[in-house]
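Below is one structure; the comments refer to it alone.
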Amino acid sequence: GRSSIRVGDRPPPAFSLTREAILCEGDQGRAQLVANGAPTLRFQWLSPRTDTTRIITVERAGAYGVRVTDVQGCTANASALVLNLCEPRV
């Protein structure tokens, strides 16, 4: 007899992420970055953070990456940019 196996790529998990946030480092500002998706998704924030929560609070400008994994082990990566934009003091 003959048998066949069909192999296909699974789509990456769908999620949303805060793409850009603003803070003022000089005023000890903070920004929240939020990743949302299905309740079964796992979140792993990447260097310099290692949080596994959907929301992180950052105090420094820079790029923050997150890896999202679904129950089948499929992953997707994205990054958020935090800008240091202080208003001039008068």
Side-chain angles (χ1 to χ4, degrees):
R2 296 177 86 179
S3 63
S4 64
I5 297 174
R6 184 175 175 181
V7 178
D9 289 335
R10 289 191 173 141
F15 72 102
S16 64
L17 174 66
T18 304
R19 294 293 181 177
E20 189 174 279
I22 296 171
L23 58 73
C24 180
E25 289 179 354
D27 288 336
Q28 300 171 348
R30 294 189 171 115
Q32 276 196 336
L33 302 177
V34 180
N36 282 311
T40 56
L41 295 179
R42 289 183 320 223
F43 297 88
Q44 175 68 58
W45 291 89
L46 308 173
S47 181
R49 302 293 295 245
T50 57
D51 304 67
T52 57
T53 58
R54 292 175 182 269
I55 301 170
I56 62 170
T57 301
V58 299
E59 299 168 351
R60 294 242 182 252
Y64 293 85
V66 64
R67 176 175 294 128
V68 179
T69 307
D70 66 15
V71 293
Q72 284 96 21
C74 298
T75 62
N77 294 329
S79 62
L81 184 61
V82 177
L83 304 171
N84 181 24
L85 297 177
C86 293
E87 294 293 324
R89 294 177 192 256
V90 286

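Residues passing the side-chain contact (heavy atoms from CB on, under 4.5 Å) test with Ser16 are Asn36, sequence neighbours excluded. In this structure, the side-chain contact (heavy atoms from CB on, under 4.5 Å) partners of Ala31, at least two apart in sequence or on a different chain, are Ala21, Leu23, Val58, Val82. Residues that satisfy the salt bridge (charged side-chain N to carboxylate O under 4.0 Å, His left out) test with Arg67, not counting sequence neighbours, are absent from this structure. Remark: Gln28 pairs with no residue by the side-chain contact (heavy atoms from CB on, under 4.5 Å) rule, at least two apart or across chains. Qualifying side-chain contact (heavy atoms from CB on, under 4.5 Å) partners for Ala38, counting only residues two or more places apart in sequence or in other chains: Thr40, Leu41. For Asn84, the side chain to side chain donor-acceptor pair (under 3.5 Å) criterion is met by no residue, not counting sequence neighbours. In this structure Arg30 satisfies the salt bridge (charged side-chain N to carboxylate O under 4.0 Å, His left out) test together with Glu59, sequence neighbours excluded.
Rounded to the nearest 0.5 angstrom, Leu33 CG and Trp45 CH2 are separated by 5.0 Å. Note: Thr57 OG1 to Gln32 CD = 4.0 Å, rounded to the nearest 0.5 Å. From Leu17, atom CG reaches atom OG of Ser79 across 7.5 Å, with rounding to the nearest 0.5 Å. A distance of 8.0 Å separates CZ in Arg10 from CG in Asp70, rounded to the nearest 0.5 Å.
In this structure, Tyr64 and Ile56 approach most closely via the heavy-atom pair CD2-CD1, 4.4 Å. Looking at every heavy atom in both residues, Gly37 comes nearest to Phe43 through N-CZ, 4.3 Å. Across Arg19 and Ala78, no two heavy atoms sit closer than the pair NH1-CB, 3.5 Å.
Side-chain contact between Pro13 and Cys74 is present, with at least one heavy-atom pair separated by less than 4.5 Å.
No donor-acceptor distance shorter than 3.5 angstrom exists from the side chain of Asp27 to the backbone of Gly29, with no hydrogens or angles considered. For Thr18 (side chain) and Val34 (main-chain N/O), a donor-acceptor pair under 3.5 Å exists by modelled atom type.
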Start with the C-alpha gap between Glu20 and Leu83, add the side-chain angles, then the distance that decides, and say whether side-chain contact (heavy atoms from CB on, under 4.5 Å) holds. CA-CA 7 Å; Glu20 189 174 279; Leu83 304 171; 3.6 Å; yes
Stepwise side-chain contact (heavy atoms from CB on, under 4.5 Å) check, Val66 with Phe15: CA-CA 11 Å; Val66 64; Phe15 72 102; 4.1 Å; yes
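Among pairs with a residue in residues 33-45, none fulfils salt bridge (Lys or Arg N to Asp or Glu O under 4.0 Å), at least two apart in sequence or across chains.
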